[in-house]
Amino acid sequence: MRNGAFGDFKVFTGNSNLELAEEISTIIGKPLGKSTVTKFSDGEISVSLWETVRGVDTYIVQSTSDPVNDNLMELLIMIDAMKRASAGRINAVIPYYGYARQDRKAKARDPITAKLVADLISAAGADRVVTMDLHASQIQGYFDIPVDHLLGMPILVKYFKKKKLNDLVVVSPDHGSVVRARNMAQPLDAPIAIVDKRRPKANVSEIMNIIGDIEGKNCILVDDMIDTAGTICNAANALVDMGATEVYACATHGILSGPAVERIRESAIKEMVLLNTVPLPPEKQIDKIKTLSVAPLFARAMTNIFTNDSISKIFDNR
């Protein structure tokens with residue numbers, strides 16, 4: 001460890017997830033760096049750093065969630081401010097990486113916006129990115145700088161282990177989440193099932209069939225993010241219609257846009273478990289939604305990065 005305990009280690013934040021940044025800094029035992037991120041009257045973002053960062057390892061905690069473009073620009077401008085202030089290593093800590101769903105050309109003339117955002121972060125001057133549960137793991141390869149990809153699954157698994165549910169089945173809400181379902185089922189010692197669905201158009205899903213035995217079982221639906229909640233709620237309702245006893249749902253990123261909260265409230269889901277990579281405003285905090293904190297995991301990862309220690313051993317010792 002260099003220069004004593006975290007002598008050259010400072011944590012800053014934008015406006016996207018102040019509560020998470022404060023929790024991380026509390027766990028680390030250091031106050032948040034003094035900075036302000038405001039707007040001019042025409043909407044331009046203004047960043048001011050009120051303490052020196054020269055030669056210091058800096059961590060900027062900023063999810064690029066709604067409002068996505070404002071939060072992304074805050075991150076880029078903060079990185080630029082750190083670079084021009086001669087910071088040591090500039091680490092962009094992005095619990096939720098926006099634009100990750102645009103990771104390929106699904107049809108002719110589509111952009112690959114996830115790659116564009118990666119280029120912007122690198123060009124701004126970041127030396128490293130720390131993120132969690134990217135929509136597609138290969139997005140790590142879009143960066144020409146190191147990426148530490150943290151996993152939210154161990155936090156969710158630990159929570160459901162404590163519930164000690166009997167006759168458990170882990171269910172993938174679509175074919176794209178099968179690997180995620182397997183990764184959750186293994187430590188829970190449970191079988192998996194798959195919801196076979198057809199999506200007629202964006203944000204609209206139609207349940208077709210359930211692959212696997214779910215009758216009389218307690219089911220856990222698992223996904224990486226919940227946006228409008230159409231897929232997860234339709235899947236939960238279908239599971240109950242086909243004989244499931246209780247249906248739980250979990251995901252790392254709770255975007256919860258549009259009608260999501262109302263859909264969850266009216267669905268067959270008994271409990272929706274989310275991680276706090278995206279802040280949940282008071283109007284979206286309903287009884288069915290349980291939020292778990294990722295702050296301890298990010299705090300340990302940031303500490304290990306500073307001390308040049310292993311990130312993977314965080315998960316080896318879980």
Side-chain angles (χ1 to χ4, degrees), residues 6 8-100 113-114 116-132 143 145 148 253-257 275-284 293-295 298-299 301-302 305-306:
F6 315 115
D8 297 320
F9 178 3
K10 292 185 179 181
V11 181
F12 292 83
T13 186
N15 293 320
S16 74
N17 204 336
L18 181 59
E19 185 177 339
L20 175 59
E22 288 177 338
E23 189 178 353
I24 290 171
S25 68
T26 298
I27 293 169
I28 290 172
K30 296 179 71 67
L32 280 176
K34 296 176 183 177
S35 65
T36 53
V37 182
T38 56
K39 285 185 179 180
F40 292 108
S41 58
D42 65 351
E44 287 185 11
I45 292 168
S46 172
V47 170
S48 297
L49 304 179
W50 300 112
E51 60 183 89
T52 183
V53 293
R54 184 176 296 273
V56 171
D57 274 16
T58 55
Y59 294 81
I60 306 169
V61 181
Q62 178 83 339
S63 285
T64 51
S65 51
D66 185 38
V68 180
N69 297 327
D70 282 357
N71 287 331
L72 176 58
M73 281 304 299
E74 284 186 12
L75 174 63
L76 297 176
I77 295 170
M78 289 192 79
I79 292 170
D80 185 71
M82 301 285 184
K83 179 179 68 175
R84 296 178 188 279
S86 301
R89 293 183 296 184
I90 303 171
N91 303 277
V93 181
I94 312 172
Y96 170 69
Y97 182 83
Y99 286 108
T113 319
L116 172 62
V117 172
D119 289 343
L120 289 170
I121 292 169
S122 298
D127 296 300
R128 177 183 296 269
V129 167
V130 186
T131 189
M132 173 172 277
F143 289 89
I145 57 177
D148 289 307
H253 310 297
I255 311 302
L256 303 188
S257 61
L275 305 185
N276 64 340
T277 57
V278 176
L280 198 64
E283 63 271 17
K284 295 183 180 181
S293 181
V294 298
F298 273 93
M302 291 158 64
I305 290 166
F306 176 71

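The figures that follow rest on heavy atoms only: side chains count, while hydrogens, waters and symmetry mates do not.
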Next item on the list: To the nearest 0.5 Å, tell me how far Asn15 CG sits from Leu75 CG.
Entry: 12.0 Å
Notebook entry, point to check: Got a sec, which pairs hit ring-ring contact (aromatic ring centres under 6.0 Å, His included) with one end in residues 62-96, sequence neighbours left out?
Noted result: Tyr96-His253
Checklist line | Check: Ser65 main-chain N/O paired with Asn17 side-chain donor or acceptor under 3.5 Å | finding: no
Ignoring hydrogens and angles, write down the donor-acceptor pairs under 3.5 Å from the side chains of residues 118-125, residues two or more places apart or on other chains.
from, atom 1, to, atom 2, distance (Å)
Asp119, OD1, Lys115, NZ, 3.0
Ser122, OG, Ala118, O, 3.2

Item checked: Distance-minimising heavy-atom pair for Ser293 and Asn276 -> CA-OD1, 3.2 Å
Checklist line | Minimum-distance pair of heavy atoms, taken over all atoms of Ile28 and Ala299 | finding: CG1-CB, 3.8 Å
Next item on the list: Kindly indicate, with the supporting measurements, whether the criterion side-chain contact (heavy atoms from CB on, under 4.5 Å) is fulfilled by Val11 and Lys30.
Entry: CA-CA 8 Å; Val11 181; Lys30 296 179 71 67; 5.7 Å; no
Note to self: Tell me whether Thr131 contacts the main-chain N or O of Ile94 through its side chain, where contact means a donor paired with an acceptor under 3.5 Å.
What the structure shows: yes
Notebook entry, point to check: When the ring planes of Phe9 and Phe306 are compared, do they come out parallel, tilted or perpendicular, using 30° and 60° as the limits?
Noted result: parallel
Margin query: Would Leu116 and Tyr99 count as a side-chain contact (heavy atoms from CB on, under 4.5 Å) here? Give the steps.
Written below: CA-CA 9 Å; Leu116 172 62; Tyr99 286 108; over 6 Å; no
Item checked: Under 3.5 Å donor-acceptor, Lys10 side chain and Val56 backbone -> no
Which pairs would a plain distance check flag for residues 39-46, meaning a side-chain donor or acceptor within less than 3.5 Å of a matching protein atom at least two apart in sequence or in another chain?
from, atom 1, to, atom 2, distance (Å)
Lys39, NZ, Asp70, OD2, 2.6
Asp42, OD1, Glu44, N, 3.1

Next item on the list: Take Phe298 and Glu23, measure what side-chain contact (heavy atoms from CB on, under 4.5 Å) needs, and give me the verdict at the end.
Entry: CA-CA 10 Å; Phe298 273 93; Glu23 189 178 353; over 6 Å; no
Margin query: To check you understand the geometry: which heavy-atom pair defines the closest contact between Lys284 and Ile255, and what is its length?
Written below: NZ-O, 3.7 Å
Checklist line | Heavy-atom side-chain proximity of Val117 to Thr64 below 4.5 angstrom | finding: no
Checklist line | Between Ser35 and Trp50, a side-chain donor and acceptor under 3.5 Å | finding: no
Check: Has the side chain of Asp57 got a donor or acceptor atom that lies under 3.5 Å from a matching backbone atom of Ile90?
Finding: no
Note to self: Quick check against the 3.5 Å criterion: does Tyr97 have a side-chain atom that pairs as donor or acceptor with the backbone of Met132?
What the structure shows: no
Checklist line | Among Val53, Val61, Val37, the one residue meeting side-chain contact (heavy atoms from CB on, under 4.5 Å) with Phe12 | finding: Val53
Notebook entry, point to check: What is the minimum heavy-atom distance between Ala126 and Ile79, and which atoms define it?
Noted result: N-CG2, 3.4 Å
Next item on the list: May I ask you to check whether Glu74 and Ser16 show a side-chain donor-acceptor distance below 3.5 Å?
Entry: no
Margin query: So that I can tick it off, tell me whether Arg128 and Asp148 are bridged by a salt bridge, with the cut-off set at under 4.0 angstrom between side-chain N and carboxylate O.
Written below: yes
Check: Please walk me through it: do Leu32 and Leu18 pass side-chain contact (heavy atoms from CB on, under 4.5 Å)?
Finding: CA-CA 10 Å; Leu32 280 176; Leu18 181 59; 4.0 Å; yes
Check: CG of Asn91 to CE of Met302: how many Å apart, nearest 0.5 Å?
Finding: 8.0 Å
Margin query: I'd like to know if the side chain of Ser63 reaches the main chain of Thr277, judged simply by a donor and an acceptor atom lying under 3.5 Å from each other, with no hydrogens or angles considered.
Written below: yes
Checklist line | Lys/Arg N to Asp/Glu carboxylate O, Arg89 vs Asp127, below 4.0 Å | finding: no
Note to self: Tell me whether Glu51 at atom CD has more than 12 heavy atoms from other residues, nucleotides or ligands lying less than 6.0 Å away.
What the structure shows: yes
Margin query: Using only atom types and a distance under 3.5 Å, with no angle test, would you say the side chain of Gln62 pairs donor to acceptor with the backbone of Asn71?
Written below: yes
